[in-house]
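To start, the structure under review is shown below, and the notes come after it.
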Amino acid sequence: MQVDGQRFLKDLHMLRSFGAQGVGVVRPAYSEPDVAARDWLADQMRDAGLRVEMDAMGNLFGLAEGPSLLLGSHSDSQPTGGWLDGALGVIAALEIARAAGGGVSVVSFQDEEGRFGVTTGSAVWSGNLALDTADGLLDHSGVSLADARQAVAGMVTGDVDSAQFTGFIEMHIEQGPYLEANAEQIGVVSQIVGIRDMAVTLTGQQNHAGTTPMHLRQDAFQALSAFNTALNDRLRNVVTPSTVWTIGHVSLSPNASSIVPGQVRFSMQWRDGDGDRLLRMETIIRELAAEIAQERNMKLDFGPMLGLEPVQMDDGLRSALETAAEAEAPGKWRKMPSGALHDATNVSKLMPVAMLFVPSIGGISHAFEEDTAEEDLVTGLRVMARAVDQVLAG
């Protein structure tokens, strides 16, 4: 299989132009740049001889005739994101489908970045999340997914049956520092960690910032601060060095300088490769929040729990990637877990899956500075193409 590295890079930069801001990309799910990018991708899929289909979520497929290996990732971005996250896997899939001349289908999943949840598009397609349930999800601005997905309604053709696919391979940037730090070009993923994500709301009493004595305050921000400080200590004997947890979004009300805040809503997310540990962490998080609320005479509410279980990569597909990595980057690759979540987690419910990584410069991702050397991008493409060749040959 002869892939064209220059054509691949040209297409990658073309996709970058949709929602470009400086060196970064602003292309959230269902935004105008996202819809325009999907329209352009659909044209590229048709030109590659693939049949274009889009489901109600906006997941975009370019389908080969008959049973095929599915390749791809997502093309939506973080609210202020990098140009390679997701996009790399979609364009690599497109180039390999062209070179293969059959047997390879392409997908760009919708809302992997979680405007409405956790890998929402592939979650609905895989059956992990019902569409009517997903439609009730709200973004941080209060827009419902049901309303947002009307932006792609004119492109929807119908459902895409997963039974036609024999497996799924997703190429992605590492989004971490390990490959670059070890002068390696390829990471073959062994496992994707599990994730839990829920919103927590603490409601106290809004009051005057100048006249309310400190000991009488029901200050929502002080409650959040106490929760965050205590959480690290509570988790200490449960977590491992690879476990992570994050409060990444905070909404304070009324968010004014002269008012004691009466309510805070914040995101609570945690990730680990062990499902039991994720559950133990959930118990600690819920119990600590309840303690803080009780001590400070506040009301506590938890949003719906979103998340996915840890997933092992398929032995056969992973082995093909390992063989290809040694052929294309001898001695410059490693097996490694993925600490980031990917669509492959959802797709694993339907078929065998595997992933490969290329280095992230400085380990930076989910930021405008996200980048990878072109040589490493093309090496990743060649590794994936060689592995696909091996899989298609049986």
Side-chain angles (χ1 to χ4, degrees), residues 27-31 34-35 37-39 41-42 45 51-63 70-78 85-87 89-90 93 105-165 167-170 172 192 194-199 267 269 303-311 340-353 355:
R27 197 168 58 230
Y30 307 110
S31 65
D34 173 61
V35 176
R38 288 177 188 279
D39 190 48
L41 282 168
M45 291 173 177
R51 187 178 84 254
V52 172
E53 303 284 353
M54 180 181 282
D55 66 15
M57 276 295 296
N59 297 315
L60 176 67
F61 293 84
L63 302 177
L70 182 64
L71 310 179
S73 188
H74 63 96
S75 54
D76 64 304
S77 82
Q78 286 286 328
D85 182 355
V90 175
S105 293
V106 179
V107 63
S108 173
F109 286 113
Q110 181 59 290
D111 195 27
E112 191 273 355
E113 296 293 6
R115 177 182 171 186
F116 293 97
V118 179
T119 60
T120 321
S122 60
V124 172
W125 184 68
S126 66
N128 280 343
L129 178 65
L131 181 59
D132 57 355
T133 302
D135 274 344
L137 297 173
L138 305 177
D139 69 7
H140 290 314
S141 300
V143 176
S144 74
L145 188 147
D147 287 340
R149 67 184 179 87
Q150 295 310 304
V152 296
M155 298 174 67
V156 172
T157 59
D159 293 336
V160 173
D161 187 356
S162 64
Q164 63 194 290
F165 307 122
F168 176 65
I169 304 178
E170 182 172 0
H172 210 278
I192 302 174
I195 186 172
R196 298 291 183 271
D197 190 297
M198 68 178 176
S267 62
Q269 185 184 103
M305 175 64 72
L306 302 174
L308 294 165
E309 296 303 313
V311 169
L341 196 65
H342 301 284
D343 290 309
T345 299
N346 288 312
V347 180
S348 71
K349 305 296 182 183
L350 303 173
M351 65 191 77
V353 302
M355 290 193 69

With sequence neighbours left out, write down each residue that passes side chain to side chain contact (heavy atoms under 4.5 Å, CB included) with [X], or none if nothing qualifies.
{"X": "Val52", "answer": "Ala42, Met45, Arg46, Leu60"}
{"X": "Glu309", "answer": "Arg196"}
{"X": "Ser122", "answer": "Phe109, Thr119, Asp343, Asn346"}
{"X": "Val90", "answer": "Leu41, Ser73, Ser108"}

Do the side chains of [Y] and [X] get nearer than 4.5 Å, heavy atoms only?
{"X": "Ser105", "Y": "Phe61", "result": "no"}
{"X": "Val107", "Y": "Phe168", "result": "yes"}
{"X": "Val160", "Y": "Phe165", "result": "yes"}
{"X": "Tyr30", "Y": "Met57", "result": "yes"}

**Message:** Taking atom CG as the centre, does Asp39 end up with more than 12 heavy-atom neighbours from other residues, nucleotides or ligands that are less than 6.0 angstrom away?
**Reply:** yes
Over all atoms of both residues, closest heavy-atom pair of [X] and [Y]:
{"X": "Met198", "Y": "Pro304", "result": "CB-O, 3.6 Å"}
{"X": "Ala134", "Y": "Leu145", "result": "O-CB, 3.4 Å"}
{"X": "Ser126", "Y": "Ala123", "result": "OG-O, 3.2 Å"}
{"X": "Ala56", "Y": "Leu131", "result": "CB-CD2, 4.1 Å"}

**Asked** Is there a donor-acceptor pair closer than 3.5 Å between any side-chain N or O of His342 and the backbone N or O of Ala344?
**Response** no
**Request:** Could you tell me whether the side chain of Ser77 and the main chain of Arg27 form a donor-acceptor pair under 3.5 Å?
**Result:** yes
**Message:** Let's go through Glu53 and Asp159 carefully: what are the C-alpha distance in whole Å and the side-chain angles of both, what is the deciding distance for side chain to side chain contact (heavy atoms under 4.5 Å, CB included) to 0.1 Å, and is it a yes or a no?
**Reply:** CA-CA 8 Å; Glu53 303 284 353; Asp159 293 336; over 6 Å; no
**Message:** Please tell me whether Asp147 and Ser144 have a donor and an acceptor in their side chains that are separated by less than 3.5 angstrom.
**Reply:** yes
**Request:** Would you tell me whether Asp55 and Gln110 have side-chain atoms, one donor and one acceptor, within less than 3.5 Å of each other?
**Result:**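 Per modelled atom types, Asp55 and Gln110 side chains form no pair under 3.5 Å.
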**Message:** Please list all pairs meeting salt bridge (charged side-chain N to carboxylate O under 4.0 Å, His left out) that have one or both residues in residues 126-136, counting only residues at least two apart or in different chains.
**Reply:** Asp135-Arg149
**Message:** Applying salt bridge (charged side-chain N to carboxylate O under 4.0 Å, His left out) as the test, list every pair that has at least one member in residues 111-126; sequence neighbours left out.
**Reply:** Arg115-Asp139
Rounded distance [0.5 Å steps], [atom1] in [X] versus [atom2] in [Y]:
{"X": "Leu350", "Y": "Asp161", "atom1": "CG", "atom2": "CG", "result": "9.5 Å"}
{"X": "Ile192", "Y": "His172", "atom1": "CD1", "atom2": "NE2", "result": "9.5 Å"}
{"X": "Leu129", "Y": "Leu137", "atom1": "CG", "atom2": "CG", "result": "6.0 Å"}

